[in-house]
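Written out below as structure tokens is the structure these notes cover.
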Amino acid sequence: MQKKGLKIHKMDDWERLRASLYQNFVRDAEHGGIDESKIAYRVVRNKWGIYESKKTYEDGVAYNDGSWMIFSTSRVYKDKDQTLYKDKVFCKDKDQVITDLYSYILFLRKIGIDAAFEMYYYAISFLTKYLRFVDKVFNCTRENQQKVGELCQAACKKEPDEIDCESRKDTRRFAFDPDMTRKMKQADIVRWQNRTEKEITDKQIKTWYNPGLSVRKNVVELKQHGIEISVGRMYQWIKEYVKD
């Protein structure tokens with residue numbers, strides 16, 4: 001994606017700023033007041049930014065009630081007929097940097113972040129980790145640092161309900177507590193995921209199952225409610241849950 005001869009900014013200046021801000025939050029976590037410590041601990045737990053709305057886990061699982069939001073940092077780039085997936089966002093100019101930054105900052109406000117200085121740190125983290133651009137497009141100058149702060153102040157003046165984030169809706173049915181999954185083997189996570197998927201589907205079937213209909217008609221009925229299962233799966237559920 002990089003054109004020959006163009007020098008991509010190394011981001012080391014923005015990283016120095018991020019690291020300095022982070023150390024300030026670490027000190028606040030240890031020695032700040034109640035409000036400062038609460039925010040500081042949240043920052044320490046989210047060193048590279050927040051990209052999902054807050055979840056409540058029970059036995060390691062949180063279930064989507066329809067209100068979940070997620071900020072995807074993956075982008076699709078096309079080169080001729082080939083689609084390339086990149087884990088960085090390449091910004092062609094300063095306007096695009098500001099647009100992408102403000103989009104993320106508004107997401108933070110939408111999910112409930114209301115302190116501009118906390119928002120500022122996450123914005124710098126997002127900028128450092130995910131945005132890429134040519135040298136001199138958006139170097140870590142005082143002017144550009146101030147611009148990021150202005151974006152945060154503007155977002156803080158908005159009420160969450162004012163912000164349209166429909167494209168940020170999280171469509172996952174559930175999520176696992178990352179503090180638990182990071183200690184697990186991948187095979188165990190997959191088994192846990194399959195078991196949870198089955199439990200959710202079983203509850204949905206129970207809600208809409210009609211004993212007065214045939215197995216095949218129940219499958220059709222369930223599909224109308226967004227539950228896609230096979231006839232075999234329907235037979236299995238009846239065997240497990242319906243008493244003779």
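What you see below is based on every heavy atom in this structure, not just the backbone, and it leaves out hydrogens, waters and symmetry mates.
- Relative to the ring axis of Trp68, Lys55 places its NZ or CZ within 45° and under 6.0 Å from the centre.
- Checking side-chain atoms of Ser125 against main-chain N and O of Trp48 turns up no donor-acceptor pair under 3.5 Å.
- Between the side chain of Arg132 and the main chain of Thr128, a donor-acceptor pair closer than 3.5 Å is present.
- Environment of NZ in Lys38: sparse, with no more than 12 heavy atoms of neighbouring residues, nucleotides or ligands closer than 6.0 Å.
- Salt bridge status for Asp179 with Arg45: present, with a side-chain N to carboxylate O gap under 4.0 Å.
- Ring pair Phe174/Tyr63 is tilted by interplanar angle, where 30° to 60° counts as tilted.
- Remark: side-chain polar atoms of Gln96 are paired, donor with acceptor, to backbone N or O of Lys92 under 3.5 angstrom.
- Ring pair Tyr130/Tyr51 is perpendicular by interplanar angle, where above 60° counts as perpendicular and below 30° as parallel.
- By the 4.0 Å N-to-carboxylate-O rule, Asp170 lies close enough to Arg172 to be salt-bridged with it.
- Counting only heavy atoms from C-beta outward, the side chains of Leu21 and Tyr120 approach each other to under 4.5 Å.
- With salt bridges taken as basic N to acidic carboxylate O contacts below 4.0 Å, none links Arg16 and Asp13.
- Contact detail for Glu52 and Phe107: the closest heavy-atom pair is N-CZ, 4.1 Å.
- Thr207 has its side chain out of reach of His225: every pair of non-hydrogen atoms, C-beta onward, lies at least 4.5 Å apart.
- Atom NZ of Lys198 has more than 12 heavy atoms from other residues, nucleotides or ligands within 6.0 Å.
- A salt bridge links Arg233 and Asp202; the closest N-O separation between the charged side-chain nitrogens and carboxylate oxygens is under 4.0 Å.
- Applying the 6.0 Å contact sphere to OH of Tyr235 captures no more than 12 heavy atoms from other residues, nucleotides or ligands.
- Under the 4.0 Å criterion applied to side-chain N and carboxylate O atoms, Lys10 and Glu15 are not assigned as salt-bridge partners.
- Inter-residue side-chain proximity for Lys110 and Lys158 is flagged as unmet; no heavy-atom pair is nearer than 4.5 Å.
- Side chain to side chain, Ser67 and Asp65 meet the donor-acceptor criterion of an N or O pair below 3.5 Å.
- Separation of atoms CG (Asn144) and CD1 (Ile98) is listed at 7.0 Å; rounding is to 0.5 Å.
- Distance check, rounded to the nearest 0.5 Å: OG of Ser103 to CG of Leu108 gives 10.0 Å.
- The local environment of CD in Glu58 is sparse, with at most 12 non-hydrogen atoms from other residues, nucleotides or ligands closer than 6.0 Å.
- Residues Pro211 and Tyr209 form a side-chain contact, since some pair of their non-hydrogen atoms from C-beta on lies under 4.5 Å apart.
- Ring-plane geometry between Tyr121 and Phe25 is classed as perpendicular, the angle between the planes exceeding 60 degrees on a 0 to 90 degree scale with a lower cut at 30.
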Between Arg191 and Asp188, is the salt bridge (charged side-chain N to carboxylate O under 4.0 Å, His left out) condition met? List the steps. CA-CA 5 Å; Arg191 282 193 287 271; Asp188 293 330; 2.3 Å; yes
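- Both Tyr241 and Ile238 are assigned to one and the same hydrophobic cluster, defined by single-linkage of ILVMFWY side chains at heavy-atom distances under 4.5 Å.
- Side-chain contact between Thr196 and Arg173: absent, with no pair of heavy atoms (C-beta onward) separated by less than 4.5 Å.
- Between the side chains of Glu197 and Gln193, no donor-acceptor pair is found at a separation under 3.5 Å.
- The shortest non-hydrogen separation linking Val219 to Ile229 is CG1-O, 3.4 Å.
- Between the side chain of Tyr57 and the main chain of Asp177, no donor-acceptor pair closer than 3.5 Å is present.
- Under a hydrophobic-cluster definition in which Ile, Leu, Val, Met, Phe, Trp and Tyr are linked whenever side-chain heavy atoms come within less than 4.5 Å, directly or via other members, Val215 and Val242 are assigned to the same cluster.
- Although no hydrogens or angles enter the test, the distance criterion places no donor-acceptor pair under 3.5 Å between the side chain of Glu240 and the main chain of Trp237.
- Counting non-hydrogen atoms of neighbouring residues, nucleotides and ligands closer than 6.0 angstrom, the CD atom of Gln224 exceeds 12 such neighbours.
- Judged by distance alone, with hydrogens and angles left aside, the side-chain atoms of Asp100 form no donor-acceptor pair with the main-chain N or O of Val97 at under 3.5 Å.
- Across Trp208 and Leu222, no two heavy atoms sit closer than the pair CB-CD2, 3.5 Å.
- Although no hydrogens or angles enter the test, the distance criterion places no donor-acceptor pair under 3.5 Å between the side chain of Asp28 and the main chain of Ala40.
- A pairwise comparison of heavy atoms in Cys156 and Met119 identifies SG-CE, 3.7 Å as the closest pair.
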